[in-house]
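One structure is given below, encoded as structure tokens.
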Amino acid sequence: MDKAYDPHAIEQRWYAFWEDNGHFAPSGEGAPYCIMIPPPNVTGSLHMGHGFNNTVMDTLIRYHRMKGDNTLWQPGTDHAGIATQMVVERQLAAQGKSRHDLGREKFIERVWEWKAESGGNITRQLRRLGSSLDWSRERFTMDEGLSEAVKEVFVRLHEEGLIYRGKRLVNWDPVLHTAVSDLEVISEEEQGYMWHFRYPLSDGSGHLVVATTRPETMLGDTAVAVNPEDERYKHLIGQTLTLPLVGREIPIIADDYVDPEFGTGCVKITPAHDFNDYQIGLRHNLPMINVFTVDAKINDNGPEKYRGLDRYEARDEIVHDLRELELLEKIDDHKLMVPRGDRTGSVIEPYLTDQWFVDLTRERLEDGRPGGKAAITDPALDAVRSGKIKFVPGNWENTYYHWLGNIQDWCISRQIWWGHRIPAWYDEAGNVYVGRSEVEVRERHGLGFDVTLTQDSDVLDTWFSSALWPFSTLGWPEQTDALKAFYPTSVLVTGFDIIFFWVARMIMMGLKFMDDVPFREVYIHGLVRDAHGQKMSKSKGNVLDPIDLIDGIDLESLVAKRTTGLMQPEMAKKIEKATRKEFPEGIPAFGTDALRFTFASLASTGRDINFDLGRIEGYRNFCNKLWNAARYVLMNTEGKDCGQQGGEMELSLADRWIRSRFARAAQEVNDAIQGYRFDLAAQAIYEFTWNEYCDWYLELSKPVLTSEAASEAQKRGTRHTLVQVLESLLRLAHPIMPYITEEIWQRVGPLAGKEGATLMRQPFPEAHGADAAAEAEMQWVMDLIVGVRKIRSGMNIAPGKPLPIILDGYSAEDQARLERNRPFIRFLARTESIEWLAAGTEAPESATALVGAMKVLVPMAGLIDKEAELARLGKEIDKLKKELERGTAKLANPAFTDKAPAAVVEKERARVAEMQSALGKFEEQLERIRRL
RNA sequence: GGGUGCUUAGCUCAGCUGGGAGAGCGUCGCCCUUACAAGGCGAGGGUCGGGGGUUCAAGUCCCUCAGCACCCACCA
């Protein structure tokens, strides 16, 4: 083995080995365990969120596979309708073309070409992460099979009346020319104005003042509303106003919606361009006048003068014209929530169009079930309430309830080209027919070929197909074996940001079509942010690419990557400066295992994770530590008798101790993974490996293996333990760090008597064999060694210089322990000699440490600086005194001794007694040295 | 306007059902001891955001205030 750990030398080799040999496929034995990957955008590339998310999933999958479950991790990608279409449109735009220049068919061909070209990117990157996905089952949301499922669901929902088409006010993106769902609209507070306009009464007797943040919509006003109780306006209800600039007579209506306290108490009503006004329009039967084109320009329903003007140009003109007419009362500054499309950032316009919806609000249908329940959302709510689906952490359940309880119908049609075509056809009279195909439609409705049918030009919301993912990927509507075996899946691992987009919808669709939940648990993790808690974004220039962390990247490439293609090129300088400052040497290659270990160690539940480069560097070092520990083990065991073929074997205290400690670590890791506490699992592995196996056990093995005095049985026992514990440790760490563990295991496994092609199919370690006696005695040995080391360090004595040790105040047990473990102590404490102070003899002047009640003395002759030892003792004494004071006060308090549990009181007593004894000894020692 | 989460060592974070404040990185000192200098040994560093309460005992439970972050919501 090389002296230093080099991830590149091993990672890709092992991944290919696993994949080529089918090790990712379900074993077909054991309890089913299944995770569906949240399908990434097919033409996308891996970001830190994916890295984290997939590390968690792969850890779970590898753990369960090793536990013997029939484990499937289902891979696949999403066609990501709008996102992908926009990428290809941008490519076209670079050639000066639009999608309309190509036409629908050619354009879609282009998108497929783009998918073919870049579609392998993200799956390659997922492989780099070590993700043990069963690629033989990879799916794509626009595969034939999945498309069938989409059609089937659409048709069935439509047949039940749960999908309908209608003219409704929807969120319209004037750049994309499509409707989007509520979720795709991000509202943010922006500074704007409140314009106050006078609307004259038709009879000329005065005017009302209305306030608006959107003057241009006044062209579509069809009423002004006041509160029915408002004494100021009560008498005007039923009269009409003349809408300025337009000349239309519009009524003054009464509606509770109006808050008399706000603004003027008069609200202009534009039913076609505002969601509240739309509801009022419905209640009062008002005309709905759409004044915008699809680009949000004034259409032919507006006065001639404004037609063709962009909404904001029209706004300026209208305000100007009203001012000229002296109808502008005032303009106030006003903060308002501005809705923007999450893809385009353009201001979303409420817009009246024909769209398809999934009915999520209707009271229960007439098909026999009791009334008062929403057909789709209620079962989805019940599934979580009843505990059939559990959220981890549980507080997300409230978010889920709140959202589903207040949900609106889901607009599922999109006026774009890339996606699942809506399976609906129109005849020339505009009648609509829904079916799985045109042929089926003609058959079912008796439409001959003399009738021309045209398919609906819209496509479905991407999330419609994603909602079916847990069963469509397994073959539904076919009742496949995979579907029977793996549905419901075990757990969904995802970020909170798509609970609504995806999680809730999968639950609704799964219950509707599979009659069972899609997953039993939902593990919700946080966002990956930069080291200072800032969201990573291109525009901030603080994005880290997981592949760069694995492979490393030089500074110039990193700067180039961060500063090209910026929306605001003026930021480039600042970003470059910050990047050069933060990564003066670029980013070194940390390797996949270090990256995964970092994600795991940061994965505490319920909070975002701040990705600190210091952490990954530390864990890269940890990989190196494990690597070198393995090197040491192999040096001492390969080609030697490790007891695999029998032979007498004697286990030392150290051997028994490390086995016991391993059992505890295994217990912790098992518990942690089962509780989704990957941070605790990582910590347990780290601490066991470094602080116990390496720092103590490997050192303790040296005196046994190198000593001529040690018997063959003892050496065999130690070699056996070295190898066995390392082999078990590799299995324990494998789910988090698959590559390095596999690489080492291939050489260590056989020495431990293991057979098998790969570590990933070996059993996960169970916790057994804790040995309290060995741990207690080992603690004694360690205290003794540390005591000597502290004296050494405090006295500035070279680590290599052998020291004579005298033990005083010892018990018979101390004597026995020392005799059993002399070689360990001699080696690790670097002692020249260890002697018992004979009864009645005076100890020489010494530096002191305590092991329980026993004094460890290092004679001062020529070694020890009096002042330094006084200072050292003084510090120990101060520390003890402070602690002792607290303890004695506690025990002196009758409230404590009466009310606290006996065990707690007893423990405190023992602690105080021990501290008192230690304090006495240190003080006595201090006096002796002072007298020198 | 509702809701959630966070505030612990210089930095990034653990601390589970209340009972002697922890890790990594960074800092300081001594060491190239033949697994590892991406290392070894040792050290320093925190009135656990402020205030109040419950309790024998509070980082941990309750109330309150402050700051930060996020989610939801139709106030023109």
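Throughout, a chain's letter reflects where its sequence line sits, starting with A, and its residues are numbered from 1.
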N/O (side chain, [X]) to phosphate O (OP1/OP2, [N]) under 4.0 Å:
{"X": "A/K899", "N": "B/G19", "value": "no"}
{"X": "A/R886", "N": "B/A21", "value": "yes"}
{"X": "A/K875", "N": "B/A43", "value": "no"}
{"X": "A/W627", "N": "B/G39", "value": "no"}
{"X": "A/K890", "N": "B/C56", "value": "no"}
{"X": "A/R607", "N": "B/U7", "value": "yes"}
{"X": "A/R789", "N": "B/G29", "value": "no"}
{"X": "A/N621", "N": "B/G39", "value": "yes"}
{"X": "A/S604", "N": "B/A14", "value": "yes"}

Can you check whether A/R620 reaches A/T598 side chain to side chain, under 4.5 Å on heavy atoms? no

Indicate, with yes or no, if the rings of A/Y686 and A/Y619 have centres closer together than 6.0 Å.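 When the ring centroids of A/Y686 and A/Y619 are compared, they turn out to be within the sub-6.0 Å range.
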
More 5' along RNA chain B: A/F500 or A/N636, using each one's nearest nucleotide?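 Nearest-nucleotide comparison on RNA chain B picks A/N636.
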
Between A/V786 and A/T897, which has a closest nucleotide on RNA chain B that is more 5'?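 Upstream on the strand: A/V786.
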
Please classify the nucleic acid contact of [X] as base, sugar-phosphate, or nothing, using heavy-atom distances under 4.0 Å.
{"X": "A/L680", "result": "sugar-phosphate"}
{"X": "A/R615", "result": "base"}
{"X": "A/K625", "result": "base"}
{"X": "A/A629", "result": "base"}

Other residues, nucleotides, ligands: >12 heavy atoms within 6.0 Å of A/E188 CD: no

Within 45 degrees of the ring normal and closer than 6.0 Å to the centroid, is that where the cationic atom of A/R830 sits relative to A/F827? yes

Check this for me: does the side-chain of A/E699 come within 3.5 Å of the base of B/A35 through a donor and an acceptor?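 Indeed there is one.
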
Pairing partner (Watson-Crick or G-U wobble, both distances under 3.5 angstrom) of [N]:
{"N": "B/G39", "value": "B/C31"}
{"N": "B/G5", "value": "B/C68"}
{"N": "B/G24", "value": "B/C11"}

Donor-acceptor under 3.5 Å (A/D409 side chain, A/T361 main chain): yes

Between B/A76 atom C1' and A/I269 atom CD1, what is the distance in whole Å?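 Those two atoms, CD1 and C1', are 8 Å apart.
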
